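This report concerns only the one structure given below.
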Amino acid sequence: MEKISLKGHDFLKLLDYTPAEIEYLIDLAAELKAKKRAGVAHRLCEGKNIALIFEKTSTRTRCSFEVAGYDLGMGVTYLDPTGSQIGKKETIADTARVLASMYDGIEYRGYGQEIVEELAKYSKVPVWNGLTNEFHPTQILADFLTVKEHFGRLSGINFVYMGDARYNMGNSLMVGACKMGMNFTVCAPAEYFPDKALVDECRKIANETGATLTFTEDVKSGTKGADVICTDVWVSMGEPYEVWEKRISDLSPYAVTREVMENAGESAVFMHCLPSYHDLKTTIGKEVGEKFGREYMEVSDEVFESDRSIVFEEAENRMHTIKAVMLATLTD
Ligand code: CP
Ligand code: NVA
């Protein structure tokens, strides 16, 4: 693997990265994963410190940044959604300058993409996007590492995304798939297709990489021959509870079920960034499920728990890929 220098770069969205840089981060993550498995310590950022800002809740992203930070030998400070002055008493620009004077890198999870971009503008140290409404770039690195582990390649993979494709996951997967020369299909009602300006930008990228981009409302033709069937929650963090009713009504035909997986083909796998409403064992899952008479939302429990589901490999890969992003942007 040829080294690509990314020292000092922010990681805000995949649009800012070349296919070679994305591939490099994925391969670096695979190397770090192998080292971790072999018990080889790699405290390659010893003496550095990072700040993690979370304006929305998290399990995977927070834990990934923390564990990756510890493995790299760094000190880690977690700022929870209520425990700092950000936004309420202090601007993002001021926060950026304060944190950048003390820390070597800053992670941000929150609302608009413009907030993380603003943070990066005023920060002299790398800023990493841990999820905004528009993009979730570290998740896509983990997803693509998982695809590469499973299929041995990214180029030419038939990747189908079902559900609400207008939000962070649909947007980021579309950008990533176009960058990496994949065949990306959105299978959803037309109202849930990504924003036209982003689609146009992705089409240009696809023309250069050989990727294809398909949008369809038809589940049968949309999922036929898929290597990967992927979905996400129908209601994302920060959206009001009231939208559940319309989402369920619109997106129920696009839930990932056994029929969808069988139609995709024998070798198709199921992916989901998690958390997922695949049963009624969570507070929200139970409340919404009972109210609307459903046993699951975006994926059936049968598919989620099946051999075709690689969601927990995908979740583990969050840590290895986030470690790669931090290592690459913090060191020579
Ligand atoms: N996939 C993901 O970002 O999970 P968390 O919300 O738990 O961080
Ligand atoms: N679209 C989801 C992703 C969670 C990781 C959300 O924003 O809540």
Side-chain angles (χ1 to χ4, degrees), residues 11-14 29 50 52-69 76 78-81 107-116 128-147 161-176 186 188 192-195 198 228 230-244 247-248 250-251 254-256 270-278 282-285 288 297-299 304 309-323 325-326:
F11 190 74
L12 306 179
K13 55 188 184 302
L14 293 177
I50 56 171
L52 312 180
I53 305 170
F54 281 82
E55 297 204 283
K56 289 177 179 170
T57 52
S58 168
T59 297
R60 276 146 293 273
T61 310
R62 175 192 174 173
C63 296
S64 295
F65 271 99
E66 289 213 19
V67 172
V76 180
Y78 170 68
L79 296 166
D80 76 17
E107 179 274 355
Y108 174 84
R109 163 173 286 199
Y111 296 87
Q113 179 71 16
E114 71 282 358
I115 303 173
V116 77
W128 309 298
N129 179 357
L131 178 146
T132 59
N133 294 344
E134 292 84 356
F135 293 115
H136 196 6
T138 62
Q139 178 72 50
I140 301 338
L141 294 183
D143 293 0
F144 287 3
L145 171 59
T146 315
V147 170
Y161 180 86
M162 301 182 79
D164 185 356
R166 306 164 303 181
Y167 224 71
N168 41 30
M169 282 306 298
N171 288 343
S172 304
L173 282 167
M174 178 171 69
V175 173
V186 170
Y192 293 82
F193 291 171
D195 178 63
L198 187 62
V228 179
C230 182
T231 190
D232 183 19
V233 289
W234 291 341
V235 177
S236 287
M237 287 182 277
E239 294 198 285
Y241 184 82
E242 293 68 48
V243 301
W244 269 112
R247 295 286 165 81
I248 289 173
D250 292 346
L251 296 174
Y254 299 88
V256 183
F270 171 72
M271 297 183 74
H272 190 310
C273 62
L274 307 182
S276 158
Y277 298 117
H278 56 94
T282 61
T283 320
I284 296 176
V288 178
M297 296 297 155
E298 71 277 6
V299 55
F304 187 91
S309 171
I310 54 172
V311 296
F312 294 110
E313 287 91 323
E314 186 183 354
E316 180 193 329
N317 283 340
R318 296 297 310 286
M319 198 284 282
H320 305 298
T321 43
I322 281 172
K323 189 185 282 176
V325 169
M326 292 200 288

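Remember, it's 1-based here, ligands and their atoms both numbered in the order they're listed. Here the structure is a predicted model, which means the values were calculated and not measured. The figures here come from the full heavy-atom set of this structure, side chains too, leaving out hydrogens, waters and symmetry mates.
- Counting heavy atoms from C-beta outward, Gln139 and Ser172 have side chains that stay 4.5 Å or more apart.
- Note that Arg62 lies outside the cation-pi zone of Phe54, set by a 6.0 Å cut-off to the ring centre and a 45° limit from the axis.
- Contact of the His136 side chain with the Thr61 side chain is registered, since non-hydrogen atoms from C-beta on lie closer than 4.5 Å.
- In terms of the side chain to side chain contact (heavy atoms under 4.5 Å, CB included) criterion, residue partners of Ala165 (sequence neighbours excluded) are, by chain and number, Tyr161, Val186, Pro194.
- Side-chain contact between Leu52 and Val76 is present, with heavy atoms from C-beta onward closer than 4.5 Å.
- In this structure, Glu298 and Leu251 have side chains that are not in contact, with every pair of non-hydrogen atoms separated by 4.5 Å or more.
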Tabulating one pair per line, provide the atom names and distances (0.1 Å) for every N/O atom of ligand 2 that is less than 3.5 Å from a protein N/O atom.
from: ligand 2; atom 1: 1 (N); to: Asn168; atom 2: OD1; distance (Å): 2.8
from: ligand 2; atom 1: 1 (N); to: Asp232; atom 2: OD2; distance (Å): 2.6
from: ligand 2; atom 1: 1 (N); to: Ser236; atom 2: OG; distance (Å): 2.8
from: ligand 2; atom 1: 7 (O); to: Asn168; atom 2: ND2; distance (Å): 2.9
from: ligand 2; atom 1: 8 (O); to: Met237; atom 2: N; distance (Å): 2.8

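- The protein residues lying under 4.0 angstrom from ligand 1, judged by non-hydrogen atoms, are Ser58, Thr59, Arg60, Thr61, Arg109, His136, Gln139, Cys273, Leu274, Arg318.
- Between the side chains of Asp250 and Tyr192, a donor-acceptor pair is found at a separation under 3.5 Å.
- Looking at Asn133 and Gln113, their side chains never come closer than 4.5 Å, going by heavy atoms from C-beta outward.
- For residues 163-173, the set of pairs meeting the salt bridge (Lys or Arg N to Asp or Glu O under 4.0 Å) definition, not counting sequence neighbours, comprises Asp164-Arg166, Asp164-Arg247.
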